[in-house]
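A short write-up of the structure that comes next.
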Amino acid sequence: MSLNPAQRAAVEHLDGPLLVLAGAGSGKTRVVTEKLAWLVARGFPPGELLAITFTNKAAREMRERAAARLRGDAEALTISTFHALGLRLLQAEARFAGLRPGFTVLDADDSLKALKELAPAGISPDNLYWLRQTVSTLKNAGMDPAQALQAAAGPRELQAAELYGAYQKRMTAWNAVDFDDLIRLPLAALESDESLRGRWQRRWRYLMVDEYQDTNGAQYRLLKALAGERGAFTAVGDDDQSIYAWRGADPANLARLAQDWPALRIVKLEQNYRCAGRILRAANALIANNPRPHPKTLWSALPDGPPIRVLACRDNEHEAQRVVAELVGRRQSSGCRWSDCAVLYRGNHQARALEQALRLAAIPYQIAGGDSLFDCAEVRDALAYLRLVANPSDDGAFLRIVNVPRREIGATTLERLGELAGRVNLSLAQAAGQDAALAALPARASAGLAAFEQQLGQWRRRAASEPADTLLARILDEVDYAGHIERSDKNPDQRQRRLRNLDALRQILAGFARHGRGGLAELTQAVSLLSERDQADQDAVRLMTVHSAKGLEFRNVAIVGLEDGTFPHDAAQDEGRVDEERRLFYVALTRAKEWLLLSHSLRRRRYGSIEACTPSRFLDELPAAELHREGEDPERDADHSRALARNHLDRLAALLGD
DNA sequence: ACGATTTTCAGCATC
DNA sequence: TGAAAATCGT
């Protein structure tokens with residue numbers, strides 16, 4: 001299949017900066033991979049091409065597509081998330097950021113803990129939340145603590161700036177950075193040092209940025225610093241799919257491109273290769289209600305497809321049952337797999353009713369999103385052990401596991417140890433290895449600490465020769481972590497799950513170790529950036545929020561909970577936020593390739609009480625001619641019950657057959 | 001210091 | 001409604 005004219009123009013434009021406004025399903029990933037291939041064909045060494053994405057998943061997918069297209073050349077490409085790129089810069093230029101090699105990358109949880117300790121005692125959660133948000137905003141504006149202090153406009157801002165300073169001081173002491181620093185510190189280094197900037201600008205001769213509309217201020221400046229005057233880059237994005245403003249994404253970065261590079265060329269990709277004609281017309285009509293600086297009209301050469309149906313249901317249980325019944329019917333009539341079906345919703349809690357209905361119907365399902373492997377306490381504990389082995393100054397890791405499993409080292413001991421460590425400018429783990437510090441503590445406490453320190457020393461010696469996964473297994477065994485799980489968790493299923501999680505982590509580490517390069521420090525740094533969810537390729541209906549469906553496509557899509565207050569969400573009252581809700585609904589609609597089902601209920605249980613609700617205003621923005629609105633239909637429900645029963649019997653027969 | 005009970009609160013979620 | 005945090009009672 002060849003490229004269409006717009007795609008070709010995007011691929012072959014080399015003369016100056018390019019912004020590709022890629023509509024939903026317009027073959028954006030294809031353009032990116034083709035462009036990489038084209039650049040290589042034009043004589044760009046693959047090692048000097050850089051493609052930036054936002055998620056590890058997107059990076060992995062792009063790497064796969066590039067490998068399929070470019071074969072061996074793909075290995076030399078740099079395909080990386082913004083944060084992994086920042087980490088790479090920071091590892092290479094650690095001293096510019098005042099870091100020692102082998103620094104730690106703290107995840108959100110650990111950095112919050114640090115912040116909490118530095119905030120005034122007894123601070124209200126609201127205030128803490130605000131402070132954390134503000135510190136993060138300051139960092140994403142590229143400000144350092146001194147600049148933040150200068151810019152502080154009121155007493156609250158001043159408090160935030162002071163907290164930022166204390167926090168950053170602690171991070172330096174820990175030889176640690178947080179996620180925001182992975183952008184901010186390389187950016188500060190590049191912006192302040194011209195020769196450094198020149199060096200990195202020469203390192204990559206051409207840049208590609210995916211999902212450009214999701215960039216925040218700091219990411220934009222990083223891109224600008226790397227691209228430099230010559231503007232050798234292609235940014236690919238879709239302003240109509242900008243749904244992360246609440247997370248700091250700044251759509252104004254689109255306009256900023258044209259300001260900073262007047263030679264910017266804009267190419268629109270408007271042919272959609274994904275959605276049936278009807279679905280696309282509905283999506284176009286909806287998004288036309290938004291203010292749009294670069295209006296696009298998507299068109300599709302695909303057939304119209306089946307009608308788009310709108311179900312009015314009694315309540316959300318009824319809604320879930322009807323949607324599930326429709327999926328059963330759709331599967332039977334179209335012969336699709338369960339995994340061709342997705343049910344999308346606005347908020348995670350809406351999954352519950354669907355889950356119940358699917359379980360009742362014995363249909364396999366898979367809930368995407370939610371908790372990743374790296375959110376589990378046991379995995380975080382295990383990583384903390386490795387971090388501490390790799391980096392004795394990692395106080396965060398030390399505090400996390402010094403008493404897990406129990407070593408009779410309580411808060412009082414740690415406070416004393418902290419004091420002593422601070423006085424001689426050592427980390428907690430280092431202080432625990434000093435006789436002088438130990439002598440100042442009660443005998444029982446110092447004995448426990450000394451024993452722990454000794455164990456650490458042994459692991460550290462092992463770490464030189466042993467791969468991380470075996471080392472981890474050894475550590476967990478020696479501290480009897482299994483026993484700790486046994487004691488702390490009463491539920492046997494939970495215990496099983498925890499052990500499995502640890503095993504999964506070990507396999508990930510083994511995978512990393514097999515790929516070779518890097519010591520334990522590099523490895524723990526890299527792992528802390530992962531948040532991969534194991535997406536087994538099972539044949540199951542996908543349940544997910546619209547946000548997590550972005551970038552995906554399914555033959556059959558149901559969107560539930562289309563009620564005012566749910567979608568658009570209550571909290572999006574002011575117009576600007578309704579626009580983003582509308583884009584979100586636009587994203588939801590354009591996930592569907594063939595079949596689209598929309599549903600809303602007339603009553604909804606909300607915070608315990610039941611209330612009546614009206615259909616989403618977005619439904620009225622869709623062209624009525626493309627919709628089949630259906631109320632309750634007892635006859636159809638009866639049909640569906642029969643279909644469900646048949647489905648049960650089929651499954652039973654299949655089970656017995658095996 | 002811990003487990004049981006009461007109160008509170010409610011969005012999406014990347015690295 | 002239900003989960004998580006806060007508080008109570010030992």
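Basis for what follows: all heavy atoms, side chains included, without hydrogens, waters or symmetry-related copies. Just so we're clear, the structure is a prediction, and the values are computed from it rather than from any experiment. Residue numbering restarts at 1 for every chain, and letters A, B, ... go by the order of the sequence lines.
- Ile52(A) places its CD1 atom 15 Å from the C1' atom of dT14(B), with the value rounded to the nearest Å.
- Counting heavy atoms from C-beta on, the side chains of Leu589(A) and Leu598(A) come closer than 4.5 Å.
- Across the protein-nucleic acid pair, Asp570(A) atom CG and dC12(B) atom P stand 13 Å apart, rounded to whole Å.
- Note: CZ (Phe54(A)) to P (dA13(B)) measures 17 Å, nearest angstrom.
- Rounded to an integer number of Å, the gap from NZ of Lys550(A) to P of dT14(B) is 12 Å.
- Contact between the side-chain N/O atoms of Asn348(A) and the OP1/OP2 oxygens of dC12(B) is found at a separation under 4.0 Å.
- Of the listed nucleotides (dG11(B), dA3(C), dC12(B)), dC12(B) has the atom at the smallest distance from the side chain of Thr545(A).
- Ring orientation note: the planes of Phe618(A) and Phe567(A) are nearly perpendicular, at an angle over 60° on the 30°/60° scale.
- Ring geometry for Phe179(A) versus His83(A): interplanar angle over 60°, hence perpendicular rather than tilted (30 to 60°).
- When heavy atoms are screened at a 4.0 angstrom cut-off, Arg346(A) is found touching base atoms of the nucleic acid.
- Between the C1' atoms of dG11(B) and dA6(C), the separation comes to 23 Å (whole Å).
- Glu211(A) comes within 4.0 angstrom of no nucleic acid atom, judged by non-hydrogen atoms across all strands.
- Here the CG-CD distance, from Leu19(A) to Gln213(A), works out to 10.0 Å after rounding to the nearest 0.5 Å.
- For Gln350(A) and dG11(B), a side-chain-to-base donor-acceptor distance below 3.5 Å is absent, hydrogens and geometry of angles not being considered.
- As a whole-Å value, the separation of Arg606(A) CZ from dC9(B) C1' is 13 Å.
- Straight-line distance between the P atoms of dA5(C) and dC12(B): roughly 16 Å, to the nearest whole Å.
- Between Arg292(A) and Asp239(A) there is no salt bridge, since none of the side-chain N atoms of the basic residue sits less than 4.0 Å from a carboxylate O of the acidic one.
- If you check dC12(B), dT14(B), dG11(B) against the side chain of His547(A), the one that comes closest is dC12(B).
- When the P atom is used for both dA4(C) and dA13(B), the distance is 16 Å, rounded to whole Å.
- Contacts of Arg352(A) with the nucleic acid, taken as non-hydrogen atoms under 4.0 Å apart, involve only primed sugar atoms and P, OP1 or OP2.
- Tyr244(A) does not qualify as a stacking partner of the dC12(B) base, lacking a centre-to-centre distance under 5.5 Å together with planes within 30°.
- If you take CG of Asp109(A) and P of dA13(B), they are 17 Å apart, rounded to a whole angstrom.
- Side-chain contact between Tyr345(A) and Leu543(A) is present, with heavy atoms from C-beta onward closer than 4.5 Å.
- Atom OH of Tyr129(A) and atom C1' of dA13(B) are 10 Å apart (whole Å).
- Of the candidates dG11(B), dA10(B), dC12(B), dA10(B) carries the atom nearest the Tyr607(A) side chain, counting heavy atoms from C-beta on.
- When the C1' atom of dA13(B) is taken as reference, atom CZ of Arg132(A) falls 11 Å away, rounded to whole Å.
- If you check dT1(C), dG11(B), dG2(C) against the side chain of Arg605(A), the one that comes closest is dT1(C).
- Where stacking is scored as ring centres under 5.5 Å apart with planes under 30°, His569(A) registers as stacked on the base of dG11(B).
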